[in-house]
Amino acid sequence: MEYFLGSVKLMLIVYALTAFIAMAMAWIIKLLFVVIRRRGAAELAAKATPKPAGAAPGKVS
Amino acid sequence: MPEIDILYIFQGIATMVASDPTIVVARIVLILLGIAFVYLGAKGTLEPLIMIPMGVGMSSVNAAVLYLSPTVMGTIFLDPMASEPAKLLDVLQINFLQPIYTFTFSNGLIACLVFMGIGVITDIGYMLISPLRSMFIALCAELGTLLTFPIAVAMGLTYKEAASIAMVGGADGPMVLYTSLMLSRDLFVPITIVAYLYLSLTYAGYPYLIRLLIPKHLRGVAMDPKQIPSFTKEEKMTFAVIMCTLLCLLLPVAAPLFMSFFLGIVIRESGVTPFVDFISGPVLYGSTFFLGLMLGVLCEAGTILNPKVILLLVLGMTALLISGIGGIIGGYIVYWTSGRKYNPVIGIAGVSCVPTTAKVAQKEARDANKFAVILPWAMGANICGVITSAIIAAVYVTLLR
């Protein structure tokens with residue numbers, strides 16, 4: 001009986017550990033994805049913004 | 001002219017005549033079973049890639065028993081129990097399949113090669129569509145892997161044996177092979193045979209489970225393909241490398257499996273065509289072929305007559321059944337929490353028999369509604385299933401080894 005109860009306890013520990021690691025992985029993926037997408041969007045926005053006229057290189061004669 | 005003993009010439013028959021009646025019956029049954037596997041594999045009822053070489057191996061090995069010495073019977077295929085260096089060196093020179101067994105099967109290399117191949121044919125982008133939901137479904141679909149463990153202990157198996165047979169619930173052949181090699185070497189042959197036998201049956205059995213537990217109008221829930229974002233190759237490679245590193249860091253005992261799987265994914269996304277072609281072709285099919293052949297050759301009457309085999313057959317079936325039910329429960333939970341926009345059939349794909357269960361889910365959804373496309377989400381749950389199975393295997397091995 002004690003051996004069986006031990007297996008039930010072990011099963012719960014294994015499940016808890018697995019659930020924790022798996023969900024942590026899923027959250028990491030989700031957060032990483034958000035960060036990558038935001039950075040990409042920010043880079044695109046920076047490229048699309050026209051530079052101020054004064055900053056343009058002047059013509060050297 | 002020397003005196004000729006006909007039975008000495010036909011030793012397959014002579015050994016049958018001289019054997020215990022139980023062994024004789026087992027040998028005949030296994031020969032017929034092997035032929036049946038070839039037939040059912042060729043017909044498509046069972047997975048042909050595994051079942052055809054396995055069936056031929058099984059019928060041949062049980063027919064080809066001969067006298068190795070005047071009193072000892074055996075075969076010249078392989079000896080799975082040879083581990084002592086001197087004996088191993090002997091059998092490596094005699095048994096024609098021993099080198100493949102010793103250098104690829106018994107150290108888990110073949111499982112890693114299959115995993116690498118699975119990685120190359122897997123698009124990790126599917127998993128990135130909805131990682132939290134996919135992972136939740138995969139966790140529910142591990143119910144069989146967990147509940148079978150105490151059930152097996154209650155039926156008299158040790159913790160190590162129970163964990164090995166419980167892994168059948170993860171429906172991942174290489175994982176079962178790896179876990180049983182690590183935890184219960186004495187039983188790894190019957191456990192792996194049971195696992196692969198049942199895995200080839202999931203394709204035939206799970207559709208009935210889906211139809212039993214999910215009504216037709218829910219099976220046909222259509223999902224919006226606009227929800228699927230596109231991912232660049234660089235993004236997919238980044239995810240794969242980070243996940244691989246993290247999982248190896250957390251659970252080094254399953255690092256060979258993690259590395260093989262994610263290496264396959266990275267190779268696929270890197271676009272190095274010669275590597276992709278090599279791993280998805282010769283490596284994957286070569287290792288699957290030899291895996292099937294090895295399993296068949298290991299099905300000797302003496303091995304199968306182990307009294308624990310019946311128990312393993314029952315427990316393997318229990319594990320897969322509970323996992324299937326768990327996956328469908330997970331599918332239902334996501335269906336309810338997503339405002340009824342998620343097809344619950346995807347739950348079955350959490351059982352990580354890549355890509356079989358995802359294909360089963362898609363087929364069932366399409367049978368209910370010809371416009372229902374759920375394969376991308378099902379593949380996501382499928383990939384998460386591989387990852388959760390590997391995590392469970394690693395936790396079991398770490399705690400019990």
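Order of the sequence lines sets the chain letters (A, B, ...), proteins ahead of strands, with each chain counted from 1.
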Straight-line distance of [X] [atom1] to [Y] [atom2], nearest 0.5 Å:
X         : Y         : atom1 : atom2 : answer
Ser7(A)   : Leu157(B) : OG    : CG    : 11.0 Å
Met25(A)  : Leu246(B) : CE    : CG    : 4.5 Å
Thr145(B) : Met11(A)  : OG1   : CE    : 11.5 Å
Tyr396(B) : Ile13(A)  : OH    : CD1   : 11.0 Å
Phe20(A)  : Ile391(B) : CZ    : CD1   : 11.0 Å
Tyr159(B) : Leu10(A)  : OH    : CG    : 6.5 Å

Checklist entry - For the residue pair Phe33(A) and Phe239(B), does the interplanar ring angle fall in the parallel (under 30°), tilted (30 to 60°) or perpendicular (over 60°) class? => result tilted
Item to check | Contact class of Leu132(B) relative to chain A, heavy atoms under 4.5 angstrom | outcome: both
Next on the checklist: Can you tell me which portion of Leu247(B) sits under 4.5 Å from chain A's heavy atoms? Options are side chain, backbone, both or neither.
Outcome noted: both
Checklist entry - Quick one: which of Ile28(A), Ile29(A), Leu32(A) gives a side chain to side chain contact (heavy atoms under 4.5 Å, CB included) with Met243(B)? => result Ile29(A)
Next on the checklist: Tyr15(A) vs Leu147(B), test: side-chain contact (heavy atoms from CB on, under 4.5 Å). Steps then yes/no.
Outcome noted: CA-CA 10 Å; Tyr15(A) 199 50; Leu147(B) 290 182; over 6 Å; no
Item to check | Closest non-hydrogen atom pair, Ala26(A) against Pro131(B) | outcome: CB-O, 3.8 Å
Checklist entry - Where do Tyr3(A) and Thr158(B) come nearest, in terms of heavy atoms and distance? => result OH-CA, 3.6 Å
Next on the checklist: Just so I understand: if I count every heavy-atom pair under 4.5 Å between each of Leu17(A), Val8(A), Ile21(A) and chain B, which residue has the most?
Outcome noted: Ile21(A)
Item to check | Stepwise side-chain contact (heavy atoms from CB on, under 4.5 Å) check, Arg37(A) with Phe231(B) | outcome: CA-CA 10 Å; Arg37(A) 282 291 147 106; Phe231(B) 301 95; 3.9 Å; yes
Item to check | Engaged part of Leu5(A) at the chain B interface, taking heavy atoms whose separation is under 4.5 Å | outcome: neither
Item to check | Check against side-chain contact (heavy atoms from CB on, under 4.5 Å), Thr18(A) and Glu142(B) | outcome: CA-CA 10 Å; Thr18(A) 306; Glu142(B) 294 295 349; 5.6 Å; no
Next on the checklist: Please evaluate residues Leu139(B) and Met23(A) with respect to the criterion side-chain contact (heavy atoms from CB on, under 4.5 Å), reporting the C-alpha separation (whole Å), side-chain torsions for both, the decisive distance (0.1 Å), and the verdict.
Outcome noted: CA-CA 9 Å; Leu139(B) 280 169; Met23(A) 291 317 279; 3.8 Å; yes
